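The figures that follow rest on heavy atoms only: side chains count, while hydrogens, waters and symmetry mates do not. Predicted model, so just to flag it, every value in this text is computed and none were measured.
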Amino acid sequence: MMSIMVVDDSKIMRANIKKILGSMQYDPIYEVSNAKDAIEVARSNHPELITLDIAMPGIDGVTAIKPLLAASPSSKIIMVTSQGQEQMVLRSIEAGAKGYLLKPV
């Protein structure tokens with residue numbers, strides 16, 4: 001089974017993404033509301049896939065990419081973003097993200 005971490009400050013978005021991924025029988029699915037906690041979970045659990053919201057309070061998703069990959073180098077990061085954040089998506093890809101999904105997922 002593939003382990004996944006869903007990082008989003010919106011509880012509703014985390015639940016939606018988790019529901020979609022859960023229906024595909026990924027396990028475990030870690031659910032985290034901020035980048036700081038996500039880095040700790042990545043360091044401890046090394047999820048294979050991380051979905052990462054770009055716009056979060058505190059450490060934003062783009063800034064979190066490098067520390068997440070340092071904590072868990074084999075993780076693949078997919079950004080979750082709203083329309084109109086194309087520049088941040090490009091910065092995310094340059095920082096190491098593998099792709100992105102548009103909200104609503």
Side-chain angles (χ1 to χ4, degrees):
M1 282 284 169
M2 178 185 275
S3 61
I4 295 175
M5 179 168 53
V6 178
V7 185
D8 199 302
D9 60 316
S10 166
K11 187 174 184 175
I12 293 170
M13 281 305 302
R14 289 193 315 268
N16 287 343
I17 294 170
K18 191 173 175 181
K19 182 178 177 183
I20 291 166
L21 297 173
S23 71
M24 297 177 199
Q25 300 180 349
Y26 292 119
D27 186 54
I29 300 176
Y30 305 100
E31 186 177 340
V32 184
S33 64
N34 63 71
K36 182 178 179 230
D37 290 345
I39 294 163
E40 292 304 314
V41 171
R43 185 174 291 119
S44 301
N45 298 289
H46 306 285
E48 294 174 63
L49 176 65
I50 300 171
T51 65
L52 181 60
D53 185 18
I54 284 183
M56 292 185 291
I59 302 169
D60 66 73
V62 178
T63 304
I65 294 169
K66 291 206 184 278
L68 280 168
L69 290 175
S72 182
S74 63
S75 294
K76 306 296 185 249
I77 298 175
I78 303 296
M79 304 307 290
V80 180
T81 183
S82 302
Q83 285 189 350
Q85 293 182 317
E86 291 83 6
Q87 289 299 330
M88 293 193 71
V89 169
L90 291 174
R91 287 180 40 218
S92 299
I93 300 297
E94 290 169 357
K98 299 298 181 191
Y100 68 95
L101 298 171
L102 285 177
K103 288 183 183 182
V105 176

What heavy-atom pair brings [X] and [Y] nearest, and what distance separates the two atoms?
{"X": "Asn34", "Y": "Val7", "value": "O-CG1, 3.9 Å"}
{"X": "Arg14", "Y": "Ser33", "value": "NH1-CB, 3.3 Å"}
{"X": "Ser92", "Y": "Val62", "value": "OG-CG2, 3.3 Å"}
{"X": "Ser75", "Y": "His46", "value": "OG-C, 4.3 Å"}
{"X": "Glu48", "Y": "Met2", "value": "OE2-CA, 3.4 Å"}
{"X": "Met5", "Y": "Ala38", "value": "CE-O, 3.4 Å"}

Using modelled atom types and a 3.5 Å cut-off, is there a donor and acceptor pairing between side-chain atoms of Asn45 and backbone atoms of Pro47?
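Here the side-chain-to-backbone pair does not exist.
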Side-chain donor/acceptor of Thr63 to backbone N/O of Ile59, under 3.5 Å
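No, the answer is negative, given that no donor and acceptor are paired below the 3.5 Å cut-off.
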Once rounded to the nearest 0.5 Å, what's the spacing between atom [atom1] of [X] and atom [atom2] of [Y]?
{"X": "Lys76", "Y": "Lys98", "atom1": "NZ", "atom2": "NZ", "result": "5.5 Å"}
{"X": "Ile65", "Y": "Ile50", "atom1": "CD1", "atom2": "CD1", "result": "10.0 Å"}
{"X": "Asp27", "Y": "Ile4", "atom1": "CG", "atom2": "CD1", "result": "9.5 Å"}
{"X": "Tyr100", "Y": "Leu90", "atom1": "OH", "atom2": "CG", "result": "8.5 Å"}
{"X": "Ile77", "Y": "Leu69", "atom1": "CD1", "atom2": "CG", "result": "4.0 Å"}

May I have the step-by-step check of salt bridge (Lys or Arg N to Asp or Glu O under 4.0 Å) for Arg91 and Asp60, ending in yes or no?
CA-CA 12 Å; Arg91 287 180 40 218; Asp60 66 73; 5.3 Å; no
Pick one: which of Ile54, Asp53, Thr81 meets side-chain contact (heavy atoms from CB on, under 4.5 Å) with Lys103?
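Only match with Lys103 under side-chain contact (heavy atoms from CB on, under 4.5 Å): Asp53.
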Report yes or no: do Met24 and Val6 belong to one cluster of Ile/Leu/Val/Met/Phe/Trp/Tyr joined by side chain heavy-atom distances under 4.5 Å?
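As far as the 4.5 Å side-chain criterion goes, Val6 and Met24 are connected within one cluster.
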Assigning hydrophobic clusters by single linkage (Ile, Leu, Val, Met, Phe, Trp, Tyr; side-chain heavy-atom cutoff under 4.5 Å), is Leu102 placed with Leu52?
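Same cluster.
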Taking side chain as C-beta onward, heavy atoms only, is Val89 less than 4.5 Å from Met79?
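No, their side chains stay 4.5 Å or more apart.
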Non-hydrogen side-chain atoms of Asp8 and Thr51 separated by less than 4.5 Å:
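They are not in side-chain contact.
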According to side chain to side chain contact (heavy atoms under 4.5 Å, CB included), who are the partners of Ile39, at least two apart in sequence or on a separate chain?
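With sequence neighbours excluded, Ile39 shows a side chain to side chain contact (heavy atoms under 4.5 Å, CB included) to Arg43, Pro67, Leu68, Ala71, given in chain and number order.
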